[in-house]
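To start, the structure under review is shown below, and the notes come after it.
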Amino acid sequence: MLIAANWKLYKTQAETRTFCAEFQPPGGVDVVVCPPFTSLAAAVEGGLTVFAQNVHWADEGAFTGEISVPMLKELGVAGSLVGHSERRQLFGETDEGTARRAEHALAASLRVIACVGETEQEREAGETEAVLARQVAPLPRHPDLVIAYEPVWAIGTGKTATPEIAQEAHAYIKSLIDAPVLYGGSVKPDNAAELLSQPAVDGALVGGASLDPDSFGAICRAAAP
Ligand code: PEP
């Protein structure tokens with residue numbers, strides 16, 4: 001099981017050091033944290049497995065605001081998220097751009113978690129499978145690629161997908177691509193075990209509940225063998 005913490009635009013370096021001092025990952029679970037860029041080094045120094053929240057497809061160049069694979073690898077970062085719904089919805093990132101980011105990072109031996117998921121409107125219009133198929137299609141096929149199914153209507157809203165909805169979407173994604181699939185969307189200590197017990201759920205991507213070492217620890221323990 002892989003449990004990933006997406007800290008979004010939270011945690012300074014000092015706050016990251018405090019988290020690392022308090023958080024004890026359980027054995028038998030692949031635990032990673034995705035801090036903002038300025039806190040990556042502090043998290044690596046704190047002994048955690050660290051992913052970035054995004055990575056660019058060029059190693060260097062005129063790409064203001066981006067970060068490259070060599071920059072991340074120099075810090076000891078092990079992988080990156082790509083295509084988070086906040087990147088897609090708020091910053092205009094596309095399926096093709098997400099795939100290029102994933103491809104470049106994987107080729108350079110970084111692990112990648114590529115996020116996919118439908119909006120509430122798309123689900124209500126019966127378009128969930130079409131959206132997932134469109135988002136998964138351009139992604140590279142690679143042993144270090146993990147998919148995160150994050151229904152946009154469940155992110156940061158407190159509305160968790162039922163275990164049945166998660167299972168159905170994960171099984172569909174697995175019919176499209178041979179990769180582990182994490183569930184993301186309001187995962188909390190009290191719903192983690194049930195979601196993680198679904199056969200097609202291979203772990204979780206956790207936003208809000210990953211900021212506190214106790215609640216993130218409880219979610220990680222729910223994934224322990
Ligand atoms: C996320 O941002 O990836 C996420 C799943 O957030 P939350 O757990 O807060 O819904």
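One is the number of the first residue; the rest follow in order along the sequence. Remember, it's 1-based here, ligands and their atoms both numbered in the order they're listed.
Here the closest heavy-atom approach between residue Cys220 and residue Ile3 is recorded as SG-CG2, 3.9 Å.
By the 6.0 Å contact criterion, CD on Glu127 is enclosed, its count of non-hydrogen atoms from other residues, nucleotides or ligands being greater than 12.
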From CA spacing to verdict: side chain to side chain donor-acceptor pair (under 3.5 Å), Tyr172, Gln167: CA-CA 9 Å; Tyr172 178 67; Gln167 170 61 25; over 6 Å; no
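Residues of the protein with a heavy atom under 4.0 Å from ligand 1 are Asn6, Lys8, His84, Glu150, Ala154, Ile155, Gly156, Gly184, Gly185, Ser186, Leu205, Val206, Gly207, Gly208, listed by chain and number.
Arg141 contributes a side-chain N or O that, together with a main-chain N or O of Leu139, makes up a donor-acceptor pair within less than 3.5 Å.
Applying side chain to side chain contact (heavy atoms under 4.5 Å, CB included) to Leu196 and the options Val201, Val187, Leu182, Asn191 leaves one that passes, Val201.
For the pair Glu45 and Arg17, the salt-bridge criterion is not met [side-chain N within less than 4.0 Å of a carboxylate O].
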